2 protein chains.
Amino acid sequence: MILDGFLREFKGSIFPVNPHDNSILGLKCYGRVTDIPAEVDMATIAVPAKYVPEVMEDCGKKGIKAAIIISGGFSEVGHPELEEQVREIAGRYGTAVIGPNCMGIFDSRSGVDTLFNPRYKMERPRKGGISFISQSGAVGSVVMDWAGAKRFGVSKFISYGNALNVDEVDLLRYLGNDKSTDVICMYIEGTRRGKELIKVAREVSRKKPIVAIKAGKTKEGAKAVSSHTGSLAGSTRVWEAAFKQAGIVEADGIEQMFNYARVFAEQPLPRGDKVGIITNGGGFGVLATDACVKNGLRVLPLSKKTAGEIQKSVPSYAVVKNPVDLVGDADVGRYEVAINSMMKDKAIDSLLCIVLFQTANIDSNVIEVISEASDRHKKPIVCCAAGGSYSELHMHLLEEAGVPTFESLKDAADALAALTYYEDFKRGTPQK
Amino acid sequence: MILDGFLREFKGSIFPVNPHDNSILGLKCYGRVTDIPAEVDMATIAVPAKYVPEVMEDCGKKGIKAAIIISGGFSEVGHPELEEQVREIAGRYGTAVIGPNCMGIFDSRSGVDTLFNPRYKMERPRKGGISFISQSGAVGSVVMDWAGAKRFGVSKFISYGNALNVDEVDLLRYLGNDKSTDVICMYIEGTRRGKELIKVAREVSRKKPIVAIKAGKTKEGAKAVSSHTGSLAGSTRVWEAAFKQAGIVEADGIEQMFNYARVFAEQPLPRGDKVGIITNGGGFGVLATDACVKNGLRVLPLSKKTAGEIQKSVPSYAVVKNPVDLVGDADVGRYEVAINSMMKDKAIDSLLCIVLFQTANIDSNVIEVISEASDRHKKPIVCCAAGGSYSELHMHLLEEAGVPTFESLKDAADALAALTYYEDFKRGTPQK
C-alpha cells in the first residue's frame, strides 16, 4: 500500500527493500537497505516492531538521515525498551524519526504519501496551504479523506505517533518556517514539552495561525487518552491558558478545526469585531445575529450612508438594517448593492452573507458578485447556503471561488469569530 | 407554482380560480370561488393583499372552512387594518386560516403542497414521522429542501406566517394528536400566547417529543425579530424556563433541530445517561468521550462481564475499556462482538458507535451488524462515520437502515443527550 502510494505521485527514485522478493510492483527489490546502490534521503519502515532496530542500524550505516517508522508495537503496547533501543540507534546516527506507531506523512507537493489506507476508501486532498499535525493517525486519515472529498487544499499532513525524536514542538517549528504552509492544524492529546510548545507556538502564531484540538479535556476523556497514546492529558485549565498565551485558536472538534483553517487560508483578517449580515430570509438573519453575538462579535446598526445607499436600490419592503433582509424575492442586483455598500463601510469589519438558493429570483450570478467583492475589498466574507442539491452545487461553486461557505449559520459565525480572535492576538491586545 | 405543486401529488379535486383565464395548466378555471360547482374543503389564496378580503368573503359564502393565505402585505408591512378585516371575515364564517404572509403547507401524505419555490431549486422530503411548524417561511423551505436531499422522512410542514386565527399553540395541539407525526419541530421567534403554549406543549411532550429553535435569544437577535415577524422575542431566561417546564428539547440551530428529530424518530429512548462508546480509531474515542461528558452524559468503565466477553474475541492490543478501541485493523467480527455485548449490558443505556470506513479491514457488512443490533435491543444507538465518498455512502446506508449517523462526534453526542433529556422529562424527574 505504501509503495503504491509513492509510485502514484512521488517523482524521485524509490528502492523497495525486502529479503524475500526480487521485485515489488515492478521495481527491483533489495535484500537490505545497505544493498541500495544510491544515496537515500529517507526511509519508510513498515516491518514488525522487533526488526525495526536492525533496519534502523542499516539505515544509519547507509547514511540515511530521515526515517518514518510506521510499525506499531512499542511503548503504546508496553514495550518501551524496544522504543528506547530504536531511539539510541537513531541518536547514534543522527536520524530524525517520525513515529513509530503512526501513519507517517502526506505531502501534496513532493508526492510523499505513506498513508496506508486504500485509496478507494480514503481520498487524498489537493494542493493547498493547510498543514496538519496529528498525534492520532485515525483522526488524520479521516481529515485527509474529508478534505479530499470537500476539495480543500492541503500542504502537509504528519502523523507522528510515539514521537521518538521528532515531536509536535519540532513539527510546529518546521511548519512555521514552511513556505507552502499558510495555516497549521493540530490534534493533540498531550505533550512531554509543555513550555517549549507554548514558546514555539507563540512565535509561529505571530507568523501564521495555529488551530488546535485538545483531546482529553474531560476527566473521562483524559483516561481514554492514557489508554490511547499513553500521554498525560493534563489540566484543561492549564491547556486553555497555554493556548491563549500562544495565540492558538482552539477548535471544538474536527469539523470546526477545518472550518477555521479554511477561512484562515482563504480570507484576510478583519480589523475588528463588527459583523455585517445580509440575507434573503428573515429567520436566517435572526439566527445569524444570535450566532454572531453569542460568539462575542458585534452586530451594530448600519451607518446612515450605507443604509441610504442600499435603500435606493431595493424595494420598500426590504429591511435595511443589520441584518439587511433583501427578502424572498431578492435577485442578484440587490445582493450586489448590499454587499458592495457594506464591504466599503469602515464600520463593518467582516461580512456574513446568507444566500437561500431555494428562492425563485436568485441565480448563479450571485457567485461572481460575491467573489468579486471578496477580491476587491480587504475584508473577510463568509457565506451560508443550506439546502439540497441545487444549493449544494452553489456552495461548491462559492468555495471554488475562494469564499468559505457553510451550511450552518453557527459554523459561519464561529469562523468569523476565529478570524477576529486571531487578529486580536496578533495585534497584541489582551483576549477577552 | 402552487397549482403545479397540487397537480403533482394531490389526489383530490382541484379548482383553479382566476377572473382572467378559462383554463390553467389544463384545468378549467373559475371566475370566482362561488362559481365552483362542488363542495370545497380548503382554499389556497395567493392574490394581492387588497383582494384577499373579497376572496375570503367568497370562500365564506361557499362554505369553505379552511384557507391558506400565502399573500403578504398585511401587518408585517404596516397594514394591520387589512389583516383585521380578514380576521373579521374569517371569524364571521368560521374559517380556519393559515397565514397570511406564509409559505403554507406541505403534507407528504395528502399531497397538499403550497410551497412555491421551484422544484429544481428546492427538493421535497419523503414520507416520514417528523413534522415542522415554522414562523419563518425561509427557514422552513431550507429545512424541507435539506430533508429532501438527505432523505429524511417528513409528515407535515406548516409555515403559519402572521397567524391570523391559527397559531403555534393550535398547530402544536393538532400535531400532538396527529397519528402520522412522531416528532414535532418548531422554529419560533415569539408568541402572543405564552401560557397556553407552555400548557399545550407540556401535554404534547408527554406523548411525543417537541424540538424547538428559539430565535432572537440575544438582544440584537431580538431586534432582528421585531423587524422580521414583528413578534416580541421576550426574555431568554423566561423562554428557557418555559421550555424546561414544557419538556421542549431546545436546539441550537437548524441542523441540530433536525439531528434531534432524526434520533427521536428512529431510536428508542435510553433508560439513563450511561453511554458505551466503540471505535476503531483511538483519537475518535477520546473526542467522543469528551463530547458525551460535556453533554452531561456518563462514560463509565465496562462491567467485568462485558469486558471479558469482548476480550475473548479481540486481539490483545485492542483496548477493552469504555471507549472500546477495536483499533485500526478491526474487522466486522470485532464490531459484532463489541456491539452485542455492550447492547446487552444493563449498565449501558445507549451506544455511540464510531466506524472509520477508511481502514483496510472494515467493510459494508458492519451495517447489517449495527442495524440488527439496533433492532434486537431496545436501546438507542447512533453512529459516527466521517470522511469522503466511501464513508458518505456508508453513512447513507446506515441511515437507510434506521441508524442515525453523524459526521461529527459532537452531533452524535448531542443527539444522545437530547434523547436522555427527553426521557428524563417523561419520567418526571427534575432536570439537571
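Here the structure is a predicted model, which is why all the values come from computation and not from measurement. Each chain gets a letter, A, B and so on, in the order its sequence line appears, and its residues count up from 1. These values consider heavy atoms only, across backbone and side chains, with no hydrogens, waters or symmetry-generated copies.
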Checking side chain to side chain contact (heavy atoms under 4.5 Å, CB included) for the pair A/L287/B/I254: CA distance, chi angles, key distance, verdict? CA-CA 9 Å; A/L287 293 174; B/I254 297 167; 4.2 Å; yes

Does the pair A/M122 and B/T359 meet the rule for a side chain to side chain contact (heavy atoms under 4.5 Å, CB included), with working shown? CA-CA 8 Å; A/M122 178 185 151; B/T359 54; over 6 Å; no

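By number of non-hydrogen pairs under 4.5 angstrom with chain A, the leading residue of B/G140, B/G283, B/G221 is B/G283. Ranking B/A386, B/G387, B/A224 against chain A, the residue ahead of the rest is B/G387, based on heavy-atom pairs under 4.5 Å. Across A/C292, A/S227, A/G253, the residue that shares the most heavy-atom pairs under 4.5 angstrom with chain B is A/S227. Between chain A and the residues B/I362, B/T279, B/L393, the largest count of heavy-atom pairs under 4.5 Å involves B/I362. Ranking B/G282, B/G72, B/G328 against chain A, the residue ahead of the rest is B/G282, based on heavy-atom pairs under 4.5 Å. Among B/G73, B/A222, B/A360, the residue making the largest number of heavy-atom pairs under 4.5 Å with chain A is B/A360. Put simply, of B/D290, B/V299, B/N280, B/L300, the one with the most heavy-atom pairs under 4.5 Å next to chain A is B/D290. Looking only at heavy-atom pairs under 4.5 Å with chain B, the residue among A/V225, A/T289, A/T218 that has the most is A/T218.
Looking at A/V77, the atoms closer than 4.5 Å to chain B (heavy atoms on both sides) all sit in the side chain, from C-beta outward. Both the backbone and the side chain of B/E220 come within contact range of chain A, each with at least one heavy atom under 4.5 Å from a heavy atom of that chain. Neither the backbone nor the side chain of B/F116 comes within less than 4.5 Å of any heavy atom in chain A. Heavy atoms closer than 4.5 Å to chain A are found in both the backbone and the side chain of B/V142. The contact between B/S136 and chain A is made entirely by side chain atoms (from C-beta outward), counting heavy-atom distances below 4.5 Å. With a 4.5 Å cut-off on non-hydrogen atoms, B/K321 touches chain A through its side chain but not through its backbone. Within the 4.5 angstrom heavy-atom criterion, only side-chain atoms of B/I213, from C-beta onward, approach chain A.
Taking both residues in full, the closest heavy atoms of B/A215 and A/V286 are given as CB-CG1, 3.6 Å, listed atom of the first, atom of the second, then distance. Across all their heavy atoms, A/E407 and B/K150 have their closest contact at OE1-NZ, 4.1 Å. In plain terms, the two heavy atoms of B/G281 and A/A138 that are nearest each other are CA-CB, 3.6 Å. Shortest non-hydrogen contact noted between A/S389 and B/A149 is N-CB, 4.2 Å. When all heavy atoms are compared, the tightest approach of A/F284 to B/V139 is CE1-CA, 3.6 Å.
Looking only at side-chain heavy atoms (C-beta outward), A/K219 and B/V293 stay at 4.5 Å or farther from each other. Taking the side chain as every heavy atom from C-beta outward, B/V319 and A/H228 never approach each other to under 4.5 Å. A/D252 places a side-chain heavy atom less than 4.5 Å from the side chain of B/K410. By the 4.5 Å heavy-atom criterion applied to side chains, A/F357 and B/D145 are not counted as neighbours. Between B/L115 and A/Q358, the closest side-chain pair of non-hydrogen atoms is not below 4.5 Å. Residues A/N117 and B/Y390 have side chains not in contact (no heavy-atom distance under 4.5 Å, counting atoms from C-beta outward).
Remark: side-chain polar atoms of A/K217 are not paired, donor with acceptor, to backbone N or O of B/K294 under 3.5 angstrom.
Annotation for A/K223: atom NZ does not count as buried by contact number, only 12 or fewer foreign heavy atoms lying within 6.0 Å.
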